[in-house]
Every structure is written in structure tokens, then in C-alpha cells.
Engineer: 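Quick one: the structure is below, questions incoming.
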Protein chains: 2
Amino acid sequence: MTIVTIKDVAKAAGVSQATVSKVLTGNSPEYRVSRDTVERVRKAADELGYVPNVSAQNLRSKRSGLIGVVLNEFDSSGRSMHLKLNSQLDSIQTIHLTFDGSLLSGLTEAARIHNTAFVVYPESTHPSEDIGSRFLDGRVEGLILRTNPTTQHPLLTRLDPRRIKMMALWTQDVPPGVGYADIDHKSGAAQATEHLLSLGHQKIAFFGPGEHSGNAHFSLRHQGYRAALQKAGLTPDPELHTEDPQKVIGLFRAGKLTAVVGATDLQTIMLHGDLVQAGIRVPEDLSLVGFDNILGAEFIAGGLTTVHHPTQEMAAAAMNGLMALIRGETVSKCRTIVPTHMVIRNTTRKLG
Amino acid sequence: MTIVTIKDVAKAAGVSQATVSKVLTGNSPEYRVSRDTVERVRKAADELGYVPNVSAQNLRSKRSGLIGVVLNEFDSSGRSMHLKLNSQLDSIQTIHLTFDGSLLSGLTEAARIHNTAFVVYPESTHPSEDIGSRFLDGRVEGLILRTNPTTQHPLLTRLDPRRIKMMALWTQDVPPGVGYADIDHKSGAAQATEHLLSLGHQKIAFFGPGEHSGNAHFSLRHQGYRAALQKAGLTPDPELHTEDPQKVIGLFRAGKLTAVVGATDLQTIMLHGDLVQAGIRVPEDLSLVGFDNILGAEFIAGGLTTVHHPTQEMAAAAMNGLMALIRGETVSKCRTIVPTHMVIRNTTRKLG
DNA sequence: CTGTTAGCGCGTTCAA
DNA sequence: TTGAACGCGCTAACAG
């Protein structure tokens, strides 16, 4: 199985390499080729099963037409997620995995549209010294970096935006010259809160990590919750922000609470379990809104009302942004915050 | 930002290109270089920020060290199950997306271990004429093809295994010369059935698409269910295989049924909803086992007992297999069926 | 209309 | 121990 080169085709067609190239690339409209030779070359190429060598093309053109995706490891507060064979995955891990999956699916869809492929670089959090240099080897023309909400992606600052185009994914905190795509955490939480307000709720708690959690997303969600309350003329009560399910139960029993906005679906579900166990009915006694719309949410708690996290759209936006960046668009045009939307199911209801 | 080549480094270090190459690649142990020049070259390369051009290296070496992953579109038409439960969300779609996600996450993990990257090719189901030729362009040395359970991946037969190494993912039906990685659908369903048998159940139904569904996975699961029954000395009753929830309810009321093995979690969940609506309690009246262990399964139906679908391990096996294939291992060593395991939660209980 | 020529950046051979 | 020369496969400029 020896490789077929342009030379072989040239010989078979009885023409020069250059002619073959002209015919096959279809470029160089200035240099016209006779119908007859075109025919012959095409036929020869076909019969020999000729496929242009992409490395040679790239070397020549200095362009690869490929983009790279770097998935930094999730930092689950110390626990790194390595493949645990034969062990039951815990939900957090599963969510991270399926999250990356949704991302990659979104990227795949976008790549399909742009008619391109992308390279996935698994990046460890324990990078070697020369971290980053591999991305300047000409294999890819641009990079999408999936950040971790608790830490900025190291490559974001270590790589020079002038040498390689970069888009950060899932963050809005980037150095100059770098684009980003994120979802609108803040207004998502505001939507959740407004939904509850529109149902007549006023005593609304925020459950889960918030402003000082060290996680930009949760911080934004918490902000959105408070902003919505303020917009409605209410003053957010710090006491109504907690990460402790028992405290929620206590507050409810004290009549200080009729609804809860959860920082994430998973936390909300866990809270729901505790509530049920405590004999508190959802939504009869208490309304509950989650955030993320994870897989299975429609079956959870009889149908969890939640804010949809448009993961794929976000990924597609990153891909589109990177393409634009490579085309020479200005960075400011390559920063997208994808809007969320409510998915209203059965854990919220009108007050009273 | 002009590109730094080996020539620049050579000039800066006051040596020839060849020497730089020798120093930096570390190959050619036969041609020793003095400590002093090594030092000088390293320093120059470092200062200039030299990164070898991978296209040139590939062209020279005829190896890319990259592998490709082709995700065929899921065939969401025809006999595939179409359950749009909620206008908001097409669950099947979501499952497919997160499935691909888990796959890609598994591949990412494996790639991390092998210290390699991979190219994702989004392949449409409406391929152009020259489909496949792009994979022979020297960009990748091997291919992982994610198949669709209802149809064989077209590239599997269209590409020559001698020209490019191939691993099929999520199937066991491959042409000669091609490896595969799949999960053990058959023994997974057998495990589910045996679990119910061990709880004293004897009247066990199989719910969902089975043997003649045109889907190899469901067919295998159905087979596993029957094999387990037979192994226990029971004769599978064809009447106890149905895709109709109402029929299950009827059979239960007629006393012909105490437990159900579902073809998938999603179908099982839907059945669960219908059962609850009909006033049948799970697991008090009827035991239920799903298959897949989808995200959120632990919160569904009070905790769905199910068979875990080891997606990531399967993906990792595919990556390992492809690496082995590229190393020159025989194909027979590159065919893996990853075992499943039961995840016992709260939808099954002892009979009586 | 077609062929010749000259590199793209690199690694390897061979000669010094 | 080092360097000059060659060619991987391709495309673009120029010459015919």
C-alpha cells in the first residue's frame, strides 16, 4: 500500500505535476487547462485513488484549516476526575462528563456547518514546562479553551493572541485579544426569580453556592437572583441564602420562605429529597426552580422547573467566534453571551 | 509575528540547520554533538520561541501521530424510537448528545494517557461522492468510527483497513481487518434478569424494542434476557415481550407479571410513569430494571435500578485498540466487549 | 494551454 | 563533531 503522489498521477496522465495540481485544486483560474487534459488528469487521479497529502499542502500554504479544542481538567475541589473503571460514577462526575459531551456535540454540529474538523487536546492540570508550545506548531490555526469556572485557563495568558487566535469557553474573564462564549448565568437566575415573582412569591431563597463561592458562575447566578428581587422592589435577605438543606426546612417552617431558586439542578434535587423527607410538599408547600436543565430533569421531582443551560449553543458560538477571529474579525465581535430560557414544569406553582 | 524556523535558530546559534535538528529531536544518537553546541542551540531556540513545524515534520516522517474520530449522525428517522415526551425537550436527542459527550470524554481521558490528541470529524449522513478520501490525506494514522446501532458505518466498508487502521465503536459487526469496542449488551440484560430472579421473581417481562427491532443492541439485550431465563430453567414467554405500557399494565393485573426488564432507562421511566398513573406501585407491586444508567437515574422513580452502560470505558477501549493496531498488533487483539454492572437502587425488591 | 523551477521546514545521509 | 545537500509532496510564479 504505497502512497500515491501527484507525481504518479502526472506520469499516468502524461502531464506535469503542475498541471495535475492546477486541475485538482481548481484554483489558478488564470491558468486555463484544456478540457481534454482535465479529463485525463481526473481519470488518472481517480483510478490511482489519489488523495492530496495534507501535510504537504499545509507546509506549502502555511495554513491547516484546523482548529483545536483544549479541555482543561475539571477541578472538583481536589478530586481530579480520572477514569474509574468498574466503579460507580458519582453524579458530579457524570455531569461534568456529559457536560463536556454536550460541548463537544455542540462543537461538532458547528464544525459540520463550517465544514471543518477540530483537534481535541486533553490537557492535564499538571502541565509540563513547555505547556502551550505544542499549540504553535502549525497544526491548528486557532484554539477554543474550555475553562474551569473556578480558575482561569492557564493558556489564556500564556499564549500570545497574536500568534494564535483564542476563544475562551464558559467564562467571560479573558485577557485582551481573546474572545469568549458563555451563557447568561446572571439573567438566567433573574429569569428563575422573576418566574417565581410572577407566581406571587415574595419570600424567595437562593440555595447553594453563591457570591463568595469562588465560582464565577455561581456568583453571577446569585447576583441575578438579587437583581431580580431588587428590580421588583424587594430587598434580598442575606439570611435567605444558604447551602444547608436543613436551614431551608427551618426557614420554611418559620414561615420565612415560599420558594427557592437553586444554584444548580443537582443541588435542587438533593434539596427536594430532603424536603420530601421532611414532609414538605413541592410545589404545594414550596416552589422550587433549578438551574441547568440536566438530562433527566423532566423526570425528576415530577418534572423540575429549571433554567435551561444552552451548552451546545454556547459551544457553537465559540466555534463561530473563532472562525470569525481567524477571518480577521475584531475581538469585540467575538464575544457572546448566550441567553438562557425557562423550562417550566411541575415544581413551581402560584402562591396561596 | 513571523514564524521562527530551524534556520533562524541555526543562525542565532551559529551552527547549521542539521545540528539544530540533531540537538532538538534528540534522535540520531550516532551523531554526537558537543555539550557546548547543545547548550548554545537550546538557548537560541528558547530565546526565539522556536516550535518545530508539525506539517514539515509529518511530511518528512510520513507520520502524524494523530488519530481521527468520526461521529456519524444518529439516524433519528425510521425505526428509531421517537419519544418526544415534552415539547420543551426531545429526550432522545439529549441522550444522544450526552452519549456522544461521554464517548468523547472517555476518548479524551484515554488520549491523555496515551499522550496524544485526536481529530473529530463531524460526518453527515448525506456524504458527498468522495466520502472517505479525506481520511487518507495523511492527517491521521487511524480512525475510530462511532456507529449507529441500526446501520453499519459506511466508512467501515468503504475504507481499506490496509491503508488506514480502523476501530468501530459501539458495534460488534465489522469487516475483516477492523477492530471494535462495544459494551456487553447481552450479558447486561442477563445480569438484570438474574438480579430479578435472585429476588424470587419468575414472571419477568421484557419491555421495549427487542429481537426484531433492527437495532443490534436491543436485539442483544433481548437475547440476554431470554438466555438468563433459560439458564434458570424458565421458558421465555413471547407474550411477556411488549413495547406497549398498557399491555404491561394488563398483564400485571392478570397476575402474569411481577417484574420488568426494560430495554432502556428512558423507556423504563415512561413505563414507570404509566404504572404510577394506573395506581401500580414500584417496587411494592412490580419491580423494574432499566438499562443504561442515564444521568439522573438515581433521582428517577425514587432511584432507578439499572444496568450501567460503561460508555467511557468503551471509548477508552477503542482508543487503546487503535493504538495497538497502529503499533502493529493483530486485529483479533483489538476487539473488546466491555462488561456492564448492575446499579441496584430502589425500583426492585424481593417478591412477596 | 502546459512545463520548468523554486521553495515551504524539516530530518537524514554522507562527506569532511 | 559538524555541515552541505537532498527530498518528503505540494503549489505558485514564470517561461514557453
Side-chain angles (χ1 to χ4, degrees), chain A residues 1-42 44-45 48-65 133-134 136-139 141 163, chain B residues 1-42 44-45 48-65 133-134 136-139 141 163:
Chain A
M1 269 304 160
T2 166
I3 180 169
V4 180
T5 77
I6 202 172
K7 220 172 199 164
D8 302 320
V9 178
K11 202 178 294 174
V15 297
S16 74
Q17 302 178 34
T19 305
V20 175
S21 178
K22 278 169 203 156
V23 171
L24 263 24
T25 61
N27 301 342
S28 335
E30 37 188 330
Y31 301 110
R32 295 180 31 93
V33 182
S34 75
R35 288 194 79 65
D36 187 54
T37 22
V38 168
E39 203 72 20
R40 275 217 316 292
V41 169
R42 285 253 161 75
L48 293 173
Y50 170 70
V51 181
N53 181 300
V54 81
S55 293
Q57 288 181 317
N58 293 347
L59 180 58
R60 190 63 235 266
S61 65
K62 295 179 178 306
R63 303 191 7 89
S64 73
S133 59
R134 65 188 299 202
L136 303 174
D137 63 9
R139 181 169 277 165
E141 292 181 37
R163 292 190 72 170
Chain B
M1 269 303 160
T2 166
I3 180 167
V4 179
T5 76
I6 203 172
K7 221 172 197 164
D8 303 321
V9 178
K11 201 179 295 173
V15 297
S16 74
Q17 303 175 34
T19 305
V20 175
S21 178
K22 280 169 200 159
V23 171
L24 262 25
T25 61
N27 301 341
S28 339
E30 39 188 328
Y31 301 109
R32 293 176 36 92
V33 183
S34 75
R35 285 197 82 64
D36 186 52
T37 26
V38 168
E39 203 73 21
R40 277 216 317 291
V41 169
R42 284 254 161 74
L48 293 173
Y50 169 70
V51 181
N53 181 300
V54 81
S55 294
Q57 287 181 317
N58 293 346
L59 179 59
R60 188 70 175 76
S61 66
K62 296 178 178 303
R63 303 189 10 87
S64 73
S133 59
R134 66 189 297 203
L136 303 175
D137 63 9
R139 182 170 275 164
E141 292 181 36
R163 292 190 72 170

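Protein chains get the first letters and strands the later ones, always in sequence-line order, with residue 1 at the start of each.
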Engineer: For the helix from dC1(C)-dG16(D) to dA16(C)-dT1(D), what angle separates the axis at the start from the axis at the finish, each from five pairs, in steps of 10°?
Structural biologist: 50°
Engineer: Would you please confirm or rule out a distance under 4.0 Å between OP1 or OP2 of dC10(D) and any side-chain N or O of Thr25(A)?
Structural biologist: no
Engineer: Atom CD of Gln57(A) to atom C1' of dC8(D): distance rounded to whole Å?
Structural biologist: 14 Å
Engineer: If you find the nucleotide of DNA chain C closest to Val4(B) and the one closest to Arg35(A), which residue's nucleotide is nearer the 5' end?
Structural biologist: Arg35(A)
Engineer: Looking for any heavy atom pair under 4.0 Å, which part of the strands does Thr37(A) touch: base, sugar-phosphate only, or nothing?
Structural biologist: sugar-phosphate
Engineer: Which atom pairs, donor and acceptor, lie under 3.5 Å between side-chain atoms of residues 49-56 of chain A and protein residues at least two apart or in another chain?
Structural biologist:
| unit_1 | atom_1 | unit_2 | atom_2 | d |
| --- | --- | --- | --- | --- |
| Asn53(A) | OD1 | Ser55(A) | N | 2.7 |
| Asn53(A) | OD1 | Ala56(A) | N | 3.0 |

Engineer: Quick one: Lys62(A) NZ to dC10(D) P, roughly how many Å, whole number?
Structural biologist: 18 Å
Engineer: Strictly below 4.0 Å: does Thr5(B) bring a side-chain N or O up to OP1 or OP2 of dC8(C)?
Structural biologist: no
Engineer: Using the test side-chain contact (heavy atoms from CB on, under 4.5 Å), find all partners of Lys7(B) that sit at least two apart in sequence or belong to another chain.
Structural biologist: Thr5(B), Gln17(B)
Engineer: Who passes side chain to side chain donor-acceptor pair (under 3.5 Å) against Glu141(B), sequence neighbours left out?
Structural biologist: Arg63(B)
Engineer: Tabulated below should be each protein N or O lying under 3.5 Å from an N or O of nucleotides 4-6 of chain D; please produce it.
Structural biologist:
none

Engineer: Rounded to the nearest Å, what distance is computed from the OH atom of residue Tyr50(A) to the C1' atom of nucleotide dC10(D)?
Structural biologist: 7 Å
Engineer: Apply side chain to side chain donor-acceptor pair (under 3.5 Å) to Ser64(A) and list each qualifying residue two or more places apart in sequence or on a separate chain.
Structural biologist: none
